[in-house]
Amino acid sequence: MTSDPADIRAWQRLGADVTTSCRLEPRDVARLAGLGVAHVINLALETHPEALPEEGARLATAGIGYTHIPVPFDAPDDGHFAAFCAALDAAPRPVHVHCIMNWRVAAFFYRWHRAVAGMGEGQARALMARQWTPEGSDRPEAQVWAAFIAGGRA
């Protein structure tokens with residue numbers, strides 16, 4: 001197994017079998033395969049200008065499974081979160097989860113850590129804050145994301 005790639009933007013290891021990052025580039029497919037990643041979950045829209053074209057096909061060629069859950073950045077909802085939980089539960093490990101900036105992923109894992117894994121608020125929030133905190137953002141979508149993560153508080 002190779003070491004974690006330091007040059008993939010917003011790379012974060014959440015555990016021995018779960019990693020996250022921003023958008024993938026073509027060279028990252030072989031790198032994920034080299035890490036032993038068995039499955040990738042993508043929360044970004046495939047129409048985003050920074051999305052990796054034909055990501056699922058590229059990953060399949062490298063022997064990596066793929067689940068795409070397109071989450072509009074201005075409209076995450078409980079249905080997206082339920083699909084994420086189901087995909088994460090079903091995905092063979094190691095699993096890598098990404099979006100364009102790792103903000104969707106950080107918020108989804110915050111809710112998952114609280115609602116599914118039973119992690120405490122402080123620890124879950126600290127993991128999310130390594131990528132972003134909606135309440136501290138001046139982006140217009142930040143209020144939607146603050147409401148989304150509040151829906152996951154236990």
Side-chain angles (χ1 to χ4, degrees), residues 4 8-26 28-29 32 35 37-60 62 64-154:
D4 285 348
I8 293 180
R9 189 172 47 158
W11 180 268
Q12 186 172 6
R13 180 169 288 282
L14 296 179
D17 61 357
V18 178
T19 55
T20 72
S21 75
C22 290
R23 54 137 175 85
L24 298 179
E25 296 180 10
D28 297 331
V29 173
L32 291 175
L35 287 169
V37 169
H39 201 86
V40 168
I41 300 171
N42 176 9
L43 302 183
L45 301 180
E46 63 187 9
T47 56
H48 191 282
E50 292 187 54
L52 179 61
E54 301 178 16
E55 182 172 328
R58 291 173 190 248
L59 291 164
I64 299 172
Y66 181 70
T67 301
H68 185 213
I69 305 166
V71 179
F73 194 70
D74 62 349
D77 63 32
D78 289 342
H80 297 125
F81 182 65
F84 168 77
C85 290
L88 191 60
D89 185 52
R93 299 296 198 262
V95 63
H96 182 77
V97 186
H98 81 92
C99 58
I100 299 301
M101 296 295 294
N102 206 356
W103 294 354
R104 289 175 183 92
V105 174
F108 272 70
F109 267 111
Y110 169 83
R111 280 191 64 173
W112 183 86
H113 282 132
R114 298 288 290 135
V116 178
M119 184 181 283
E121 165 68 20
Q123 185 179 3
R125 184 153 297 266
L127 286 171
M128 179 178 65
R130 288 181 56 195
Q131 303 306 325
W132 87 311
T133 303
E135 299 90 346
S137 175
D138 60 358
R139 291 193 53 113
E141 306 90 352
Q143 288 183 333
V144 170
W145 283 98
F148 175 80
I149 65 169
R153 289 204 177 119

Criterion side chain to side chain contact (heavy atoms under 4.5 Å, CB included) on D28 and E55, from CA distance to verdict: CA-CA 11 Å; D28 297 331; E55 182 172 328; over 6 Å; no
Audit row: V97, F108, side chain to side chain contact (heavy atoms under 4.5 Å, CB included) steps and yes/no: CA-CA 10 Å; V97 186; F108 272 70; over 6 Å; no
D74 and V144: CA distance, side-chain angles, deciding distance, side chain to side chain contact (heavy atoms under 4.5 Å, CB included) verdict: CA-CA 7 Å; D74 62 349; V144 170; 5.8 Å; no
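Using a 4.5 Å heavy-atom threshold, the side chains of V29 and L59 count as touching. Annotation: side chain of L127 is not in contact with side chain of F109 (no heavy-atom distance under 4.5 Å). Side-chain contact between C99 and H48: absent, with no pair of heavy atoms (C-beta onward) separated by less than 4.5 Å. In this structure the side chain of V18 reaches within 4.5 angstrom of the side chain of R93, judged on heavy atoms.
Within a 6.0 Å sphere centred on CD of E25, heavy atoms belonging to other residues, nucleotides or ligands number more than 12. The environment of CD in E54 is sparse: at most 12 heavy-atom neighbours from other residues, nucleotides or ligands sit within 6.0 Å.
Proximity of a side-chain donor or acceptor of E50 to a complementary backbone N or O of M101 within less than 3.5 Å is not detected. Looking only at distances, no side-chain donor or acceptor of R58 sits under 3.5 Å from a matching main-chain atom of P26. Checked by atom type and distance alone, the side chain of R13 pairs as donor or acceptor with a backbone atom of A16 at under 3.5 Å. A side-chain donor-acceptor contact under 3.5 Å links N102 to the backbone of A10.
Going from atom CD of E141 over to atom CH2 of W103 covers 8.5 Å, rounded to the nearest 0.5 Å. Put simply, CD on E121 and NE2 on H113 are 12.5 Å apart, with the number rounded to the nearest 0.5 Å. In this structure, CD in E135 is found 4.0 Å from CD1 in I149, a value given to the nearest 0.5 Å. Atom CD1 in I100 sits 9.0 Å away from atom CG in L24 (nearest 0.5 Å). Distance check, rounded to the nearest 0.5 Å: OG1 of T19 to CG of L14 gives 8.0 Å. Summarising the geometry, atom CZ belonging to R104 is positioned 13.5 Å from atom OG1 belonging to T20; distances are rounded to the nearest 0.5 Å.
Annotation for S137 and A142: closest pair O-CB, 3.7 Å, computed over non-hydrogen atoms. The shortest heavy-atom contact between S21 and R9 is CB-O, 3.8 Å. Closest approach of F148 and D77 over heavy atoms only: CE1-O, 3.5 Å. Considering all non-hydrogen atoms of both residues, I64 and V37 come closest at CG1-O, 3.5 Å. In terms of heavy atoms, G151 sits closest to R111 at O-NH2, 3.8 Å.
Between F73 and W145, the ring planes are tilted. Angles from 30° to 60° get that label. Classification of the H98-H96 ring pair by plane angle, with boundaries at 30° and 60°, yields parallel. The aromatic rings of Y66 and H68 lie parallel to each other, their planes meeting at an angle below 30°, with 60° marking the opposite boundary.
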Contacts table for residues 82-92: side-chain donor-acceptor under 3.5 angstrom, sequence neighbours left out:
none

